[in-house]
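Below is one structure, written out as structure tokens; comments come after it.
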Amino acid sequence: MRVHPLGIYEKALPKHLSWPERLALAKSCGFDFVEMSLDETDERLARLEWSTTQRASLVEAMLESGVTIPSMCLSAHRRFPFGSHDETVRERAREVMSKAIKLARDLGIRTIQLAGYDVYYEERDEGTQQRFAEGLAWAVEQAAGAQVMLAVEIMDTEFMNSITKWKKWDNLLSSPWFSVYPDVGNLSAWGNDVSAELTLGIDRIAAIHLKDTQLVTATSAGQFRDVPFGEGCVDFVGVFRTLKQLNYRGAFLVEMWTEKAKEPVLEIIQARRWIEERMQEGGFVC
């Protein structure tokens, strides 16, 4: 494994693969780990109900391949948000959270990435934010008991689109089991001073998402996914230069959605090589 582990998002790999095949492919493409997706689809939510045998089988596959799953992208809360107006939905949000923490504990996943939304498909108001705060505080308590880190991603909506905004929640919760998972694409798309934001959160960063995006402007809603590396607004060389100065020692995750692409393997290998070149340009690696 390299000094700075570089992982690939599950949704970048062909969807039909078994977990042993997925891990083996990630390794053959030069990645150190895979980030699991637990999204709002029934198919991936079913993982919360995996049997002991299924969980043990995946642990065995990780040990045999040498490729780990250290993090989980838990985006299921878009469908079942803590801040929902519907009490039934909020109860489901807590159930999803509890089961995700148990799954993480059983598989050895150390970080659950939370989506920074109070609600996604509903109208926001003061009540949604208050209920989100209550749900988040409860979730952090549950995670602490299982020794699993909860890390909020900097998102594609204004509610949590900077580390500065996340910092308010960090101050409120004041827990070693609550951290931030910056997405340099999302940070850049909102016009943040990315260097200043990374500096603000450097002591609380669990890992970093790498993707390119298009800028949000007065006339454009921006583009937060499926932007080829090098064709967006992210100054990757500047990002890596800043992280070098900050002595960042954590992991990076290449976030792509190429599981249904014609040549997903070629695309992720090209992305890895492109990122590694930017790391060298920024002086992050030799």
Side-chain angles (χ1 to χ4, degrees), residues 7 9-11 19 23 33-63 67-84 87-120 131-155 160 166 169-170 172-183 204-209 250-251 253 255:
Y9 189 36
E10 176 191 342
K11 290 186 178 182
W19 271 107
L23 297 176
F33 67 91
V34 174
E35 183 167 274
M36 175 184 282
S37 169
L38 216 162
D39 62 20
E40 56 192 302
T41 64
D42 289 338
E43 178 184 2
R44 286 192 166 106
L45 282 170
R47 293 171 175 176
L48 296 173
E49 311 302 333
W50 273 350
S51 67
T52 301
T53 300
Q54 287 173 301
R55 295 172 193 226
S57 177
L58 181 48
V59 171
E60 183 177 357
M62 285 188 274
L63 292 172
V67 177
T68 61
I69 305 175
S71 56
M72 171 198 297
C73 177
L74 180 62
S75 56
H77 285 126
R78 294 209 311 179
R79 179 178 172 187
F80 305 108
F82 286 123
S84 176
E87 183 178 356
T88 302
V89 172
R90 297 197 300 274
E91 290 176 355
R92 178 58 172 153
R94 294 196 178 212
E95 179 184 27
V96 166
M97 188 77 260
S98 292
K99 291 184 176 181
I101 291 171
K102 186 177 189 305
L103 180 63
R105 186 188 64 192
D106 291 348
L107 296 179
I109 292 173
R110 295 184 290 278
T111 301
I112 296 178
Q113 176 206 303
L114 296 180
Y117 306 120
D118 53 347
V119 290
Y120 190 78
R131 289 187 291 271
F132 172 77
E134 294 168 356
L136 189 60
W138 170 85
V140 171
E141 289 181 354
Q142 306 308 303
Q147 294 182 293
V148 173
M149 177 71 71
L150 297 188
V152 175
E153 183 182 13
I154 302 306
M155 301 306 298
M160 196 82 73
W166 167 84
W169 299 96
D170 184 36
L172 180 67
L173 294 168
S174 190
S175 170
W177 299 101
F178 180 72
S179 60
V180 66
Y181 199 137
D183 181 313
R204 306 290 286 124
I205 292 175
I208 294 176
H209 269 175
L253 190 284
E255 188 174 33

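Considering every non-hydrogen atom in both Ile69 and Met62, the closest pair reads N-SD, 3.4 Å. Heavy-atom minimum distance, Phe82 versus Ala93: CD2-CB, 3.8 Å. Here the shortest heavy-atom pairing between Asp183 and Ile154 reads CB-O, 3.7 Å. Considering all non-hydrogen atoms of both residues, Trp50 and Arg55 come closest at O-NE, 2.9 Å. Heavy atoms only, all atoms of each residue included: Ala151 and Thr111 are closest at CB-CG2, 3.8 Å. A pairwise comparison of heavy atoms in Ser37 and Lys11 identifies OG-CE, 3.2 Å as the closest pair.
For the pair Val152 and Trp169, the minimum side-chain heavy-atom distance is 4.5 Å or more. When side chains are defined from C-beta on, Glu153 counts as touching Glu255, because their heavy atoms get closer than 4.5 Å. Between Leu172 and Leu136 the shortest side-chain heavy-atom distance does not fall below 4.5 Å. Side-chain contact check for Ser71 versus Tyr9: every heavy-atom pair is 4.5 Å or farther apart. With contacts defined as side-chain heavy-atom distances shorter than 4.5 Å, the pair Leu107/Met72 does not qualify. Contact check for Trp177 versus Glu141: no side-chain heavy atoms found under the 4.5 Å cut-off. Using a 4.5 Å heavy-atom cutoff, the side chains of Arg79 and Val96 are not in contact. Residues Met149 and Tyr181 form no side-chain contact, since every pair of their non-hydrogen atoms from C-beta on lies 4.5 Å or further apart.
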Let me see the working for Arg47 and Leu58 under side chain to side chain contact (heavy atoms under 4.5 Å, CB included), right down to the final yes or no. CA-CA 12 Å; Arg47 293 171 175 176; Leu58 181 48; over 6 Å; no

Trace of the ring pair (Phe, Tyr, Trp, His ring centres under 6.0 Å) decision for His77 with Tyr117:
CA-CA 8 Å; His77 285 126; Tyr117 306 120; over 10 Å; no

Notebook entry, point to check: Given Trp19 and Gln54, is the side chain to side chain contact (heavy atoms under 4.5 Å, CB included) satisfied, shown in steps?
Noted result: CA-CA 11 Å; Trp19 271 107; Gln54 287 173 301; over 6 Å; no

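In this structure, the separation between CG on Leu150 and CD1 on Ile101 is 5.5 Å, given to the nearest 0.5 Å. A distance of 11.5 Å separates OG of Ser179 from CG of Leu173, quoted to the nearest 0.5 Å. Of the inter-residue distances, the one linking Arg44 atom CZ with Glu10 atom CD reads 4.5 Å to the nearest 0.5 angstrom. Separating the SG atom in Cys73 from the CG atom in Leu38 is a distance of 9.0 Å, to the nearest 0.5 Å. A distance of 6.5 Å separates CZ in Arg90 from OG in Ser84, rounded to the nearest 0.5 Å. Considering CD1 of Ile109 and CG of Leu103, their distance stands at 5.5 Å, rounded to 0.5 Å.
The closest donor-acceptor contact from the side chain of Arg131 to the backbone of Gly83 lies under 3.5 Å. Side chain of Ser57 to main chain of Thr53: no donor-acceptor pair is present (N/O by atom type, distance under 3.5 Å, no hydrogens or angles). With Arg110 contributing its side chain and Pro70 its backbone, the two residues share no donor-acceptor pair below 3.5 Å.
Taking the six-membered ring where the residue is Trp, the centroids of Trp166 and Phe178 are separated by under 6.0 Å.
For Glu95, the side chain to side chain donor-acceptor pair (under 3.5 Å) partners at least two apart in sequence or on another chain are Arg92, Lys99.
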